[in-house]
Colleague: 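Here you go, one structure.
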Amino acid sequence: MTTLVTGIGELTTCDEQWAASGAAPDEARLGTLRDAALVIDSSSGADGGSGIRPTGESAMSTIVWIGRREDAPAADHRIDLGGRAVIPGFVDSHTHLAFAGDRADEFAARMSGTAYDGGGIARTVAATRAATDDDLRALLAARMRELRAQGTTTVEIKSGYGLSIDDEVRLIRLAREVTPHVTYLGAHVVPPEFAADRAAYVDLVTGPMLAAVMALPEASWPAYVDVFCEPHSPHAFTADEARTILTAGRDAGLTPRVHGNQLGHGPGVQLACDVGAASVDHCTYLTDADVDALAATGTIATLLPGVEFSTRSPYPDGRRLLDAGVRVALASDCNPGTCASSSMPLMIALAVREMRLTPAEALYAATVTSGASIGVDARVRVGAAAQLAVLDAPSQLHLAYRPGVPIARALDLALAGGGLPR
Ligand code: NIG
Ligand code: FE
């Protein structure tokens, strides 16, 4: 079954073949097409389910035609978007959505001056361990709906609130039920029961816990290993511990990622560049040498502006990174401690307002570069999965221009009219 999606006032493809001649570089990269149309084939599954599945659909649909509205071919069905903008669905490449419980009280305390140090993670570990598989499945399913309702079509999920062999294995298995982009974060923090013997916990994470994760059936394997490398937190890992953990994960076939330079200057960025990490995330405090290492290695710097917002921390200067030639991604880090928002439009608005990205750069970072950090091509192209978001707005500019207004949602062909408000 094919559907002609027409009435697209502005189509952002992120494919430069559609760039208008003379466009500024950031605009050219968006590959913008005006008065556009798309044809989507829902009988074929393009990517074997790399994105978040729309409700009621068993496979992803494929884009089979892109062009100007007046050139559009016929199709079995037709949806008219009435001049709305269409963009690649957001790729949220850094989340911790496999958890139970809530820590709103910590947020309130921070707003009156308490600093974040990672200690609250233990509370979420306790709540998550106490939850049943079905509790966690229901929470994950609700969160997947929440993401799509805000335009996110692809998500990475980390473990890290289990911190025992059985609980880490369980979180990875459950996360893998909702996304193929899963990260082993057994080294989120040293759990309280190992506080007196950190080395024993590193041995567990790199030994029996990693082995148990990789003993899961292949369909449940994670793709990445991550570590919270942060000398400014008594709960997180030092550079040496983090290197041991990433190396063990890499030896088991996992690609490293790093939580680095969140609470102060530190070794995380250099370590990530050294071990060939796909990304180093947070990057709140960077030296010139850190920026140079990122530019030289091509390791993606994933900025998480919701964390600076929710922990009242200074925002890193995204402009400085882009001007130095660093690849910059945006993600939510959605988690109960440092950022409880899953809104990629909010991350874009913050990156534009507080990190000095242009709206075009922020959208690219939240789609293509975020996708690149998890091996996903988010561009809107013929043959690609139809992972699209539609905006109740004439232009992608409205993402940053109308912060807090729910204008973005995943395009859902199974719903009448694509799930748009009437
Ligand atoms: O990415 N920094 C470490 N981990 C998370 C926070 C987890 C939590 O506080 O529950 C982060 O910010
Ligand atoms: Fe995180």
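Just follow the structure's listing: the first ligand is 1, and inside any ligand the first atom is 1. In this text, all values refer to a predicted model and were calculated from it rather than measured experimentally.
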Colleague: Which of the numbered atoms in ligand 1 are below 4.0 angstrom from a heavy atom of D333?
Modeller: 1 (O), 11 (C), 12 (O)

Colleague: Look at atom 6 (C) of ligand 1 and say which protein heavy atom is nearest, naming residue and atom and giving the distance to 0.1 Å.
Modeller: Y116 OH, 3.3 Å

Colleague: Between E156 and K158, is there a salt bridge with N-O shorter than 4.0 Å?
Modeller: yes

Colleague: H94 heavy atoms, cut-off 4.0 Å: which ligand 1 atoms fall inside?
Modeller: 1 (O)

Colleague: State the atoms of ligand 1, each with its element, that fall below the 4.0 Å cut-off from a heavy-atom position in H282.
Modeller: 1 (O), 2 (N), 11 (C), 12 (O)

Colleague: Please verify whether a non-hydrogen atom of F99 lies at under 4.0 Å from ligand 1.
Modeller: no

Colleague: Please confirm whether E230 comes under 4.0 Å of ligand 1, counting heavy atoms of the residue only.
Modeller: no

Colleague: Specify whether H96 and H94 have parallel, tilted or perpendicular ring planes, treating 30° as the upper limit for parallel and 60° as the lower limit for perpendicular.
Modeller: tilted

Colleague: Do NZ/NE/NH1/NH2 and the carboxylate oxygens of D167 and R170 come within less than 4.0 Å?
Modeller: yes

Colleague: Note the single closest protein heavy atom to atom 5 (C) of ligand 1, along with its residue, its atom name and the distance in Å.
Modeller: H188 NE2, 3.6 Å

Colleague: Does a salt bridge link R137 with D134, judged by any charged N lying under 4.0 Å from a carboxylate O?
Modeller: yes

Colleague: Between S332 and C334, is there a donor-acceptor pair closer than 3.5 Å when you use the side chain of the first and the backbone of the second?
Modeller: yes

Colleague: What are the protein N, O or S atoms, given as residue plus atom name, that sit under 2.8 Å from the Fe ion (ligand 2)?
Modeller: H94 NE2, H96 NE2, H259 NE2, D333 OD1

Colleague: Just jot down the ligand 1 atoms closer than 4.0 angstrom to any heavy atom of Q262, in number order.
Modeller: 2 (N), 3 (C), 12 (O)

Colleague: Under 4.0 Å from any heavy atom of I121, which atoms of ligand 1 are there?
Modeller: 7 (C), 8 (C), 9 (O), 10 (O)

Colleague: With the threshold set at 4.0 Å, does a side-chain nitrogen-carboxylate oxygen contact exist between R320 and D288?
Modeller: yes

Colleague: Is it the case that the side chain of E230 and the backbone of A236 share a donor-acceptor pair, with hydrogens and angles ignored and the cut-off at 3.5 Å?
Modeller: no

Colleague: Just to verify, what does A252 make a side chain to side chain contact (heavy atoms under 4.5 Å, CB included) with, not counting sequence neighbours?
Modeller: L210, M214

Colleague: For Y161, counting its heavy atoms only, list the atoms of ligand 1 lying under 4.0 Å from any of them.
Modeller: 7 (C), 8 (C), 10 (O)

Colleague: Quick test: of every protein heavy atom, which one is nearest to atom 12 (O) of ligand 1, and how far off is it to 0.1 Å?
Modeller: T338 OG1, 2.7 Å

Colleague: In terms of the angle between their ring planes, are H282 and H259 parallel, tilted or perpendicular, with boundaries placed at 30° and 60°?
Modeller: tilted

Colleague: Give a yes or no on whether a salt bridge exists between D317 and R319, defined as a side-chain N under 4.0 angstrom from a carboxylate O.
Modeller: no

Colleague: Does N335 have a heavy atom less than 4.0 Å from any atom of ligand 1?
Modeller: yes

Colleague: Is R129 atom CZ crowded by more than 12 heavy atoms from other residues, nucleotides or ligands, each under 6.0 Å away?
Modeller: yes

Colleague: In plain terms, say whether E106 and R123 are close enough for a salt bridge, that is, a side-chain N and a carboxylate O under 4.0 Å apart.
Modeller: yes

